[in-house]
Protein chains: 2
Amino acid sequence: MSLPHAILTALLEKPSSGLELTRRFDRSIGYFWSATHQQIYRELGKLEKAGHIRALPTDSPARGQKKEYEVLAPGREELERWVGQREEPRALRDPLMLRLRATGVVGVGEGLVEELRRHRALHAARLAEYREFQRRDAARGHGTERDRVQGLVLQGGIDLELFWVNWLDKAIDGLAGPEHTPASQVG
Amino acid sequence: MSLPHAILTALLEKPSSGLELTRRFDRSIGYFWSATHQQIYRELGKLEKAGHIRALPTDSPARGQKKEYEVLAPGREELERWVGQREEPRALRDPLMLRLRATGVVGVGEGLVEELRRHRALHAARLAEYREFQRRDAARGHGTERDRVQGLVLQGGIDLELFWVNWLDKAIDGLAGPEHTPASQVG
DNA sequence: ACCCTCATGTAAGTAGTTACATGATTAC
DNA sequence: GTAATCATGTAACTACTTACATGAGGGT
């Protein structure tokens with residue numbers, strides 16, 4: 001049950017409308033908790049009904065008009081409760097590793113090696129993007145606790161993409177050329 | 001839509017009953033594609049109806065009796081098709097990183113740091129387990145392509161757990177003691 | 001008038017989780 | 001006989017995805 005808490009966090013960082021949240025879920029927050037606009041609008045409705053957030057008063061009509069939300073005290077309390085609570089690490093579900101394992105029984109088609117290369121490129125691109133964020137953040141300085149925490153999260157994203165790039169290199173090397181030369185590690 | 005393909009892979013590796021599959025999803029396969037017995041039985045029903053697998057003939061009655069399944073040619077073809085197909089990397093959803101980010105707005109409670117340490121221990125335990133698998137596999141030797149592929153998957157698991165352990169060390173260090181000494185890296 | 005973008009939503013379907021039901025076999 | 005374990009399943013619910021609907025405002 002993390003989506004409502006992701007939204008509460010986003011709204012505490014900055015009160016927003018549904019569409020603005022959607023855009024933010026396509027960038028920063030979405031890098032470790034993705035959500036579509038349909039999920040977001042539905043969840044905003046639930047959170048409002050539960051008294052965790054409210055729509056900022058406006059004189060414009062309902063449909064087709066921007067509606068901004070802010071977090072209320074009970075919403076903040078719920079978020080605090082959730083942050084400190086005990087929760088098991090989520091079980092992994094990765095289709096790419098599954099597909100690799102399947103080649104053990106159906107054989108390695110050229111299709112999969114191509115897929116591994118394509119994924120490698122996607123992860124490398126995201127890694128570069130994150131590093132650009134990091135460079136920009138470092139320039140702005142990082143005094144507050146909020147900056148430090150977001151820095152740790154960003155570092156997590158970077159380390160995770162590094163894992164993917166390096167492991168995919170090993171996998172491509174292991175599949176494409178069993179007469180292998182060891183892949184150089186990206187650091 | 002990966003669960004049916006995970007099951008097809010498992011059944012090709014070794015024909016099994018629902019409960020046997022469930023156990024295997026608690027070990028090897030489940031390390032990168034988890035599933036409960038309810039999901040597995042439901043999916044076995046669908047796969048049988050689709051003509052992708054069949055129950056091995058038996059004289060025992062239905063309920064409470066073991067029912068073994070094997071993969072049929074159409075099932076194998078479907079798996080081959082799926083392995084080579086293009087599929088985007090799945091969007092990440094990690095509650096722990098989300099909780100860390102939330103501390104940026106609600107502040108760092110002692111609860112979260114404890115959680116990070118707990119998760120760190122869980123990942124370290126799994127890492128040790130994987131390395132034990134690797135040691136055992138190395139002893140048995142790895143001649144076939146199937147062994148090599150499973151070795152790559154296992155290496156993926158190890159690298160991923162290494163990412164978690166090392167990043168969690170950074171995060172714990174960054175939160176608990178901003179007067180930090182740098183964490184030593186596990187390699 | 002037409003199209004594009006901004007903006008909010010509804011509906012239907014798939015996937016995954018949690019709780020419960022029930023029969024068969026073995027150990028004591 | 002009764003408890004534990006093996007084994008298969010149903011039902012209800014929550015979460016997520018995909019496709020579509022609709023209205024407002026601006027540009028040409």
Side-chain angles (χ1 to χ4, degrees), chain A residues 1-8 10-11 15-26 29-30 32-50 53-56 58-69 82 87-95 98, chain B residues 1-8 10-11 15-26 29-30 32-50 53-56 58-69 82 87-95 98:
Chain A
M1 265 255 299
S2 303
L3 178 59
H5 304 99
I7 291 176
L8 288 172
L11 287 180
S16 306
S17 66
L19 192 61
E20 280 161 8
L21 280 176
T22 302
R23 296 203 203 297
R24 292 171 64 196
F25 271 81
D26 283 339
I29 309 168
F32 47 94
W33 200 275
S34 66
T36 61
H37 83 270
Q38 292 90 338
Q39 274 181 286
I40 290 168
Y41 283 116
R42 191 147 27 94
E43 202 62 46
L44 283 171
K46 284 190 203 170
L47 285 167
E48 190 177 21
K49 208 162 146 189
I53 63 173
R54 65 158 189 167
L56 293 178
T58 169
D59 49 347
S60 49
R63 185 128 199 164
Q65 279 308 103
K66 194 158 92 166
K67 202 155 79 177
E68 287 225 310
Y69 291 94
W82 177 74
E87 190 179 324
E88 297 317 303
R90 107 169 337 211
L92 179 61
R93 285 211 177 92
D94 187 76
L98 202 56
Chain B
M1 263 258 296
S2 303
L3 179 59
H5 303 100
I7 291 176
L8 288 173
L11 288 180
S16 307
S17 68
L19 192 62
E20 280 162 8
L21 280 175
T22 302
R23 295 204 205 295
R24 293 171 63 195
F25 271 82
D26 282 339
I29 308 169
F32 46 94
W33 200 275
S34 66
T36 61
H37 83 271
Q38 293 89 339
Q39 273 181 285
I40 288 168
Y41 283 116
R42 191 151 24 100
E43 202 60 47
L44 283 172
K46 284 190 204 170
L47 285 168
E48 190 177 21
K49 208 163 145 188
I53 62 174
R54 65 160 190 166
L56 293 179
T58 170
D59 51 346
S60 50
R63 189 136 195 155
Q65 280 308 104
K66 194 158 94 167
K67 201 157 76 178
E68 286 225 310
Y69 291 92
W82 177 74
E87 190 179 326
E88 297 317 304
R90 107 171 335 212
L92 179 62
R93 283 209 177 95
D94 187 77
L98 201 55

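Labels below follow one simple rule: chain letters A, B, ... track the order of the sequence lines, proteins then strands, and each chain is numbered from 1. What you see is a predicted model; the values in this text were computed from it and never measured.
Annotation: side chain to side chain donor-acceptor pair (under 3.5 Å) contacts of A/Glu68 (sequence neighbours excluded): none. B/Trp82 is linked by a ring pair (Phe, Tyr, Trp, His ring centres under 6.0 Å) to B/His5, counting only residues two or more places apart in sequence or in another chain. Legend: residues meeting side chain to side chain donor-acceptor pair (under 3.5 Å) with B/Ser16, ordered by chain and number and at least two apart, are B/Arg24. Annotation: side-chain contact (heavy atoms from CB on, under 4.5 Å) contacts of A/Pro89 (sequence neighbours excluded): B/His119, B/Leu122, B/His123. Listed by chain and residue number, nothing satisfies the side chain to side chain donor-acceptor pair (under 3.5 Å) test with A/His37 (two or more places apart in sequence, or in another chain). For B/Arg93, there are no salt bridge (Lys or Arg N to Asp or Glu O under 4.0 Å) partners, not counting sequence neighbours.
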Strictly under 3.5 Å: I want the nitrogen or oxygen pairs between protein and nucleotides 13-17 of chain D, one per line.
from: D/dC16; atom 1: OP2; to: A/Gln39; atom 2: NE2; distance (Å): 3.4
from: D/dC16; atom 1: O3'; to: B/Arg93; atom 2: NH1; distance (Å): 3.4
from: D/dT17; atom 1: OP2; to: A/Gln39; atom 2: OE1; distance (Å): 3.3
from: D/dT17; atom 1: OP2; to: B/Arg93; atom 2: NH2; distance (Å): 2.9
from: D/dT17; atom 1: O4; to: A/Arg42; atom 2: NH2; distance (Å): 3.0

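Between B/Lys66 atom NZ and C/dG23 atom P there is a gap of 21 Å when expressed in whole angstrom units. In this structure, NE2 of A/His37 is placed 13 Å from P of D/dT18, rounded to the nearest angstrom. Between the CD1 atom of B/Ile40 and the P atom of D/dA7 there is a distance of 14 Å, given to the nearest Å. Taking atom CG on A/Leu56 and atom C1' on C/dT8, their separation rounds to 16 Å, with Å as the unit. Per the geometry, CG belonging to A/Leu92 stands 13 Å off P belonging to C/dG16, to the nearest Å. One atom, CD of A/Glu88, and another, P of C/dT18, lie 12 Å apart when rounded to the nearest Å.
Between B/Tyr41 and D/dT8 there is a side-chain N or O to OP1 or OP2 distance below 4.0 Å. One finds a side-chain N or O of B/Lys67 lying less than 4.0 angstrom from the OP1 or OP2 phosphate oxygen of D/dG9.
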Without placing hydrogens or testing angles, list every side-chain donor-acceptor pair under 3.5 Å for residues 40-48 of chain B, not counting sequence neighbours.
from: B/Tyr41; atom 1: OH; to: B/Leu19; atom 2: N; distance (Å): 3.4

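Between the two ends of the helix from C/dA1-D/dT28 to C/dC28-D/dG1, each summarised by a five-pair axis, the helix axis turns through 0° (rounded to 10 degrees).
Side chain of B/Tyr69, nearest nucleotide from D/dA7, C/dA7, D/dG9: D/dG9. For A/Arg23, counting side-chain heavy atoms from C-beta on, the closest listed nucleotide (C/dA7, D/dT8, D/dC6) is C/dA7.
Residues A/Phe25 and A/Trp33 come closest through the heavy atom pair CD2-O, 3.1 Å.
Formation of a donor-acceptor pair under 3.5 Å by the B/Ser34 side chain with backbone atoms of B/Gly30 is not found in this model.
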